Amino acid sequence: VNWRLPSGCATGSDPVAGRYAQGGAAFNSNKGQWMSAIESTLQEHRVFPPPAHVVAGAAISGMDAYLELVAEAERDYEGFWSRLAREQLTWQTPFTKGLDESNAPFYKWFEDGKLNATYNCLDRHIEAGLGERTAIIFEADDGAVTRVSYGELLDRVSRLANGLRSLGVKAGDRVVIYMPMSVEGVVAMQACARIGATHSVVFGGFSSKSLHERVVDAGAMVVITADEQIRGGKTLPLKSIVDEALALEGSDVVKHVIVYRRTGGKVSWNESRDIDLKTLVEGQSNVCEPEWVSAEHPLFILYTSGSTGKPKGVQHSTGGYLLWAALTMRWSFDIKASDVFWCTADIGWVTGHSYVAYGPTAVGATQIVFEGVPTYPNAGRFWDMIQKHKVTVFYTAPTAIRSLIKASDADAKVHPRSFDLSSLRILGTVGEPINPEAWMWYHAEVGGGRCPVIDTFWQTETGGHVITPLPGATPLVPGSCTLPLPGIIAAVVDETGGDLVNGQGGILVIKRPWPSMIRNIWNDPERFKKSYFPEELGGRLYLAGDGAVRDVDRGYFTIMGRIDDVLNVAGHRMGTMEIESALVSNPLVAEAAVVGRPDDTTGEAICAFVVLKRGRPTGEEATKIANELRAWVAKEIGPIAKPKDIRFGENLPKTRSGKIMRRLLRSLAKGETITQDVSTLENPAILEQLGEAK
Ligand code: WTA
């Protein structure tokens with residue numbers, strides 16, 4: 001079992017608490033964190049009903065409308081999703097069957113139906129006379145604005161798709177995209193989808209090693225990249241990282257590298273492999289017949305962190321995934337033709353897939369794509385852009401909100417109050433639990449008290465929102481993602497998969513397969529089964545990997561954080577094992593253990609306990625080596641994985657059988673005094689040393 005149970009969750013004198021306690025040491029690991037989070041949720045009495053101006057025209061208007069959909073899904077689950085798939089998507093060949101459970105948990109949806117994602121995102125809007133509508137308002141790091149209509153977007157997607165075909169790329173081939181936030185990034189994704197190639201976007205902050213690992217695992221034939229990216233006034237390399245990655249063993253699968261010239265900076269060039277994007281698309285026709293694929297055809301693979309050192313290639317379908325992208329734009333964001341939608345996520349993460357590349361275009365919306373960072377040229381950048389582009393629906397991460405609260409406390413000029421944000425009507429958050437304080441600030445200061453805050457819980461694996469309020473229906477409680485979408489059968493269960501009553505914390509599961517769920521882990525079906533449908537829970541429940549509790553009054557869900565060895569740092573998923581492997585690959589390091597600790601801004605921070613081969617460094621030497629190790633991790637994985645704290649010890653706390661006691665390290669990382677039972681510890685004196693070490 002790779003996950004531990006949240007024993008601290010069970011509150012009061014409930015009978016389950018005892019059962020958890022039998023689970024042993026690991027089960028108590030997160031107790032402090034869970035208890036305080038639960039207590040603050042249970043004390044949260046503020047309720048914000050949906051504002052009348054949003055309820056009036058909403059896609060799901062009022063709680064009765066929500067409950068009606070829930071009831072429809074209960075009556076005829078397959079029929080419910082089939083109806084929506086027919087309504088939301090345009091099919092080239094209609095499907096005859098909704099759900100196929102014959103090879104569970106490898107579920108299939110709408111399999112004999114054929115469609116193309118880009119036909120749904122582009123052509124059908126143009127055929128409806130909306131070719132002139134702005135699809136993307138691109139704002140560059142330096143503030144320059146470019147607008148791209150749906151007609152132009154189809155033109156660009158088609159040319160690149162034809163270019164890819166001219167290189168021999170065909171349906172089922174994999175293409176890795178390592179691009180900055182740009183129109184070209186979205187075009188690259190859709191160009192793949194146009195011809196049925198499966199894309200795998202790698203976030204531009206990952207190192208050459210991480211990129212290499214993903215390129216090889218995916219077996220990518222082509223890499224699409226840029227010369228450089230520009231963020232916060234700084235130029236950062238991309239092409240040279242691709243060169244480094246492809247110099248490593250196993251990279252000969254890659255036949256071509258397509259380079260978008262973003263800055264025109266000097267890059268090295270391999271004549272037999274590299275092609276300038278401009279040269280490739282020049283002379284290509286702007287007409288590209290879409291490849292009609294089965295609804296189950298893999299639209300993309302996106303690597304994410306799990307409990308082991310190796311990232312998981314989360315494989316998504318075309319039909320079910322796209323249904324979700326479109327449907328949740330309508331349900332969760334109530335998107336309308338008059339809206340200007342802005343999701344601040346990078347296309348390198350799943351949020352940038354569902355709510356930048358596919359969702360907004362699937363519903364023909366106008367959206368902002370932003371190249372830069374929220375703090376450049378100053379921390380008022382988001383508010384300035386909302387004001388300038390009259391953004392109506394804004395979607396960002398709690399980390400961004402928390403850091404902007406700090407910045408605006410320090411400088412009134414960058415406070416949301418100094419901007420006209422009256423265009424906003426709906427706010428969203430994603431990626432990590434939002435603390436009620438940050439929620440309240442977002443609601444009051446950014447939303448002027450008028451805009452519902454839609455706290456969307458979901459994961460790379462779920463494809464899109466699964467538990468979320470609906471802006472025109474759900475009364476909001478700060479810090480709670482409220483209720484599952486209609487048709488999502490979410491529950492909180494104990495370690496055997498048994499239902500828990502409301503008020504008791506446990507494991508979050510989804511009981512029935514839904515259309516946009518992960519289909520497989522690329523190249524690793526066994527890991528797929530073990531990670532998501534563990535036998536311990538009966539083999540049929542989808543294990544999200546998060547702990548949750550439902551409140552007694554409303555059954556609202558609050559997410560308590562991961563129950564496995566995955567950290568959530570600034571909304572980025574990081575595996576502790578990945579960071580540990582990176583650290584121990586350094587020649588100085590004998591042993592390393594990585595845990596998370598709470599952080600005011602980033603939610604969690606990475607804390608590494610390290611044993612060096614040469615003994616324990618102190619003072620300036622310790623600082624120097626810690627910095628070297630940080631740089632090492634940045635090079636191995638990417639800057640986002642750099643440990644914030646590094647503590648050196650002569651050893652790590654271990655049981656007599658040699659197992660590292662991580663729960664003790666978590667307490668030490670938090671600065672707590674150890675009150676837990678340490679009688680099974682081989683070397684109790686080490687706690688004092690690690691507790692002091694900084
Ligand atoms: C966390 C991001 C609380 C959770 C879309 C989940 C959240 C992980 C929320 C997935 C939320 C995401 N409230 N926690 N609204 N949204 N999470 O795959 O721990 O990058 O398992 O997908 O983020 O992260 P991922």
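Order of listing sets the numbers, starting from 1, for every ligand and every atom in it. This structure is a prediction, so every number in the text was calculated from the model and none was measured.
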N568 and ligand 1 - part of the residue with a heavy-atom distance under 4.0 Å: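 Looking at N568 and ligand 1, just side chain atoms fall under 4.0 Å.
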C481, portion touching ligand 1 at heavy-atom distance under 4.0 Å: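 The answer is neither; C481 stays 4.0 Å or more away.
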For ligand 1, which atoms sit closer than 4.0 Å to a heavy atom of [X]?
X: T460; value: 18 (O), 20 (O), 22 (O), 25 (P)
X: V350; value: 5 (C), 22 (O)
X: D455; value: 11 (C), 13 (N), 15 (N)
X: V430; value: 5 (C)
X: T456; value: 9 (C), 11 (C), 15 (N), 16 (N)

[X] with [Y]: basic N within carboxylate O range, under 4.0 Å:
X: R425; Y: D334; answer: yes
X: D599; Y: R402; answer: no
X: D565; Y: R662; answer: no

[atom]: nearest protein contact (heavy atom, Å):
atom: atom 10 (C) of ligand 1; result: W458 O, 3.7 Å
atom: atom 3 (C) of ligand 1; result: P433 N, 3.1 Å
atom: atom 13 (N) of ligand 1; result: E432 O, 3.4 Å
atom: atom 21 (O) of ligand 1; result: D546 OD2, 2.4 Å

Please indicate whether any nitrogen or oxygen in [X] is less than 3.5 Å from any nitrogen or oxygen in ligand 1.
X: R573; answer: yes
X: T351; answer: no
X: T304; answer: no

Whether W349 lies under 4.0 Å from ligand 1, heavy atom: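 False for this residue.
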Min heavy-atom dist G431 to ligand 1 below 4.0 Å: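 Under 4.0 Å: yes for G431.
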Could you label the plane-to-plane angle of the [X] and [Y] rings as parallel, tilted or perpendicular, counting under 30° as parallel and over 60° as perpendicular?
X: H443; Y: W439; value: parallel
X: F341; Y: F333; value: tilted
X: H316; Y: F300; value: tilted

Atom pair CG/OG1 of L89 and T318 - distance to nearest 0.5 Å: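 So the CG of L89 and the OG1 of T318 are separated by 10.5 Å.
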Trace of the ring pair (Phe, Tyr, Trp, His ring centres under 6.0 Å) decision for W81 with W324: CA-CA 10 Å; W81 291 123; W324 220 261; 5.0 Å; yes
Aromatic ring proximity, centroids under 6.0 angstrom, F557 and F457: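 Not under 6.0 Å, so no.
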F528/F106 aromatic ring centres below 6.0 Å: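 Yes - the distance between ring centres of F528 and F106 falls below the 6.0 Å cut-off.
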